[in-house]
Amino acid sequence: MLKFGGTSVSERARWDTIGRLAQQRADEHAARVLVVVSALSGVTNALTAVAAGEGDASAAIEALAQRHVDFARELDLDPDTVLGERIARLRALLVDPRFEARPYDWQAELLAQGELLSSTLGAAYLGAQGLDFGWCDARDWLDALAMPNQNAWATRLSVNCIDARDDAWRRRFASQSPRMLLTQGFIARHADGRTAILGRGGSDTSAAYFGALLSARRVEIWTDVPGMFTANPREVPDARLLTRLDYSEAQEIATTGARVLHPRSIKPCRDAGVPMAILDTQRPDLPGTSIDGEAATVPGVKAISRRDGVVLVSMESIGMWQQVGFLADVFERFRRHGLSVDLIGSSETNVTVSLDPGENLVNTDVLAELSADLAQVCKVKVITPCAAITLVGRGMRSLLHKLSEVWATFGQERVHLISQSSNDLNLTFVIDEADAEGLLPELHAALIDSGAMPVQDAGVFGPSWRQIVHGHRVREAPWWMRRRGELLELAQAGTPRYVYDLPTLRARARALAAVEAVDRRFYAIKANAHPVLLRAIVDEGFGLECVSRGELDHVFDVLPRIDPAQVLFTPSFAPRNEYAGAFARGVTVTVDNIEALQRWPDVFRGRSLWLRLDLGRGDGHHAKVVTGGVASKFGLPAPELERFAQCARALDVRITGLHAHLGSGILAPSHWREVHADLAGLADDLGTVETLDIGGGLPVPYKPDAEPFDVDAWASGLAGIKAAWPRYRLAIEPGRFLVAECGVVLARATQVVEKQGVRRVGLDAGMHTLMRPALYDAWHAVHNLSRSDETADTRADVVGPICESGDVIGTARMLPAGTVDGDVMLVADAGAYGFAMANTYNLRPLPQQDVLE
Ligand code: PLP
């Protein structure tokens, strides 16, 4: 079963694709293929307008006839032979005696013409291309099913169909020839023998009915998008393709937002156990979304969605508590006004419900009438417009503890209603529509970071929309994969130990050294002060940036001949003697407050120094690494620059550099040029500045799906801004970017323990070895180096040996099932802020370190 929608049948090349795909399926499975098609795009809308009595009916019908005639010519078909009879029937509906009154059966017949025309054209074209294709009338196979409580409109224009048939029916279908058949979506036979319509999303639903009735191998819905995503990709470009879902998850996602598949189309396939797939006509090589009953039920949030235009009705009753029949009273009034209720929240004295405009004909009159009616039994408040934000996934209840970041995201908004579905598949928050602006990307990121959306599970989560559209920037395989043998040997000498790869370090240093706009490069040694690394970085033309007397002493110990002009001292809340000591060494000192000058005038009198500014904002991979803005202890607020300058002049102090480092792991390449622009503007006012230092903070891609930093975009931004202020020398002081990827931690698995459904792999490395996960919720890839040939197919938390609950290196990681104590494990990208922060907590010794040439 293949289904193609309007845009897929409106161009000749698309029909070639349909023919090719159908033939492929027929050959692959030696099976019969049924293709269901929609009307050409826009045709159903035009017919709906005529059916509703809008506009000039005969002009509209003539335009439609002409459109199909033109398309027949484009397909090299003779319009009269192929379409003559169909167009005559279309025109006949305007001279039909029912035309004036437009009863529903006439409307249904009119609406059906779009699919009848498109399928007739398509079958003729595919036949002309030499394909063994026949045409059949869907009304000979799908019969409308009368439902209790259906109104006259629904029994004709929004029907369900009979979805179970006997063998005779199946034999009759099987006897049709040829092997490939084309039929219409959207239409069925009414019990009175005339036409009925399946309503919105009708073509998907037709395909599902046919699939179910014929026990199809699978129902493929071919569309213009790659499948269902974890969020609407237009709003969240990092949304991931969902490659495998079970029926109920797909149902929930289709119902709460995704437009790719009509929610009504899932039930027939689900009941018949027929798998479905959503596939992209333009990108047939992508996996698409497969929906079936056997999908492994991975717990976790699969998708988030947002529906706007939600109306909330809040009903307050003082006497509700234990008042028999209050709810019955209230809901009876909703029924009376033909409004169906979506979500419900209740407390002792309040019931709040949401009405979904998609399903309810909400207009202000109905609401006013309803409010008046409800006012007889309670106090009513209508809150609109609201947005419903829904999280869909399996086992939402057991995920609540992981959702703390999500609660924090909502913390800033007013949540009117929270509702959890009884099937444990969805959690919905209703907030003001205005508050929902920009919320989804934030929420999506928080769900991934907290582990609530388990995107590392490759069986369910495919590529992101961004990756599909822009392609992957090619990432080279990490160095440690090539050097596995050496690493396993080093591990013999004891674990935990850090190992650094000098070629990787040099490659990063050279990438930055090649950026012409930058005049001076300093490496922030706090990231990793290993002597061999420092020498290698200095060899690549970098100076060094220190933040303490200890770091300064270390630099001059390791590199006794280094020119002090190549060394910066940028301390924070350091004692007086550290400044004095730094001046004595002749290095460049950076100050970031006025108080230091006021309290210790003798230390600074007559000196040249750099000034660190807070530009009023910060950024970074975690709140704890943001170093700008009111909450941060760093930097002189820019508005106080003049006061600082006065104080400096009084001490004959010369400000020769302005500096700003606003955070670490900043993703936007534009950040640094903006900092430069701000500093340059301020420097112009001072008149003594020679150098602008725009800090470090360059990010590295810790996660497998993270994009590597776009150094070219960064460099061209800097070149642009540098050209505007050529008089200043431009300095940078990166740490992480140079050393993170060159370092790994080698550890040994200590114990593998299964506790109440959670598997934990213990390492001899923990938060005392690598603090970043505990301190910043940082993500580091973990691999079992002893078992790199085995598939990493078992989920486990990776923990350390420290007596702290926070001693977790990573949660829900995929590792080989055979992982046992003694295996050599590798924690990746640990070269920055790794050993540098290691400690001896619990009296565990510091890790060893090795450098590989
Ligand atoms: N410069 C200063 C003043 C810093 O405080 C830091 C980091 O804390 C850096 C540079 C280096 O930052 P990153 O390692 O993110 O490049």
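Counting starts at 1 for both ligands and their atoms, in listed order.
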**Message:** Regarding atom 3 (C) of ligand 1: of the candidates Arg736, Glu733, His621, which has the closest heavy atom?
**Reply:** Glu733

**Heavy atoms of other groups near Arg549 CZ, more than 12 under 6.0 Å** = no

**Complete:** Under 4.0 Å from one or more heavy atoms of Tyr833, ligand 1 contributes atoms 7 (C), 11 (C), 12 (O), 13 (P), 14 (O)

**Electrostatic pair Asp829:Lys703 at N-O distance under 4.0 angstrom** = no

**Asked** What protein heavy atom sits nearest atom 12 (O) of ligand 1, and how far away is it?
**Response** His661 CE1, 3.2 Å

**Donor-acceptor contact present, side-chain Asp501 to main-chain Trp479, <3.5 Å** = no

**Message:** Under 4.0 Å from a heavy atom of Pro734: which atoms of ligand 1 are those, numbered in the order shown and with their elements?
**Reply:** 16 (O)

**Asked** Which atoms of ligand 1 have any heavy atom of Gly697 under 4.0 Å away?
**Response** 12 (O), 13 (P), 15 (O), 16 (O)

**Which residue and heavy atom of the protein sit nearest atom 4 (C) of ligand 1, plus the separation** = Lys526 NZ, 3.0 Å

**Request:** Could you tell me the residue and atom name of the protein heavy atom closest to atom 15 (O) of ligand 1, and the distance to it rounded to 0.1 Å?
**Result:** Ser664 OG, 2.3 Å

**Item:** Any donor-acceptor N or O pair under 3.5 Å, side chains Asn528, Tyr523
**Value:** no

**Request:** For the pair His554 (side chain) and Ala529 (backbone), establish whether a donor and an acceptor sit closer than 3.5 Å, ignoring hydrogens and angles.
**Result:** yes

**Message:** Under a 4.0 angstrom heavy-atom cut-off, which atoms of ligand 1 come close to Gly735?
**Reply:** 11 (C), 13 (P), 14 (O), 16 (O)

**Message:** Considering both backbone and side-chain atoms of Phe737, is one of its nitrogen or oxygen atoms within less than 3.5 Å of a nitrogen or oxygen in ligand 1?
**Reply:** no

**Message:** Ring of Tyr702, cation from Arg772 - is the NZ or CZ under 6.0 Å from the centre and inside 45° of the axis?
**Reply:** yes

**Request:** Write out all pairs satisfying salt bridge (charged side-chain N to carboxylate O under 4.0 Å, His left out) with one or both partners inside residues 511-521, taking only residues at least two apart or from two chains.
**Result:** Asp519-Lys722

**Item:** Ligand-side contact atoms (ligand 1) for residue partner Ala524, heavy atom cut-off under 4.0 Å
**Value:** 9 (C), 10 (C), 11 (C)

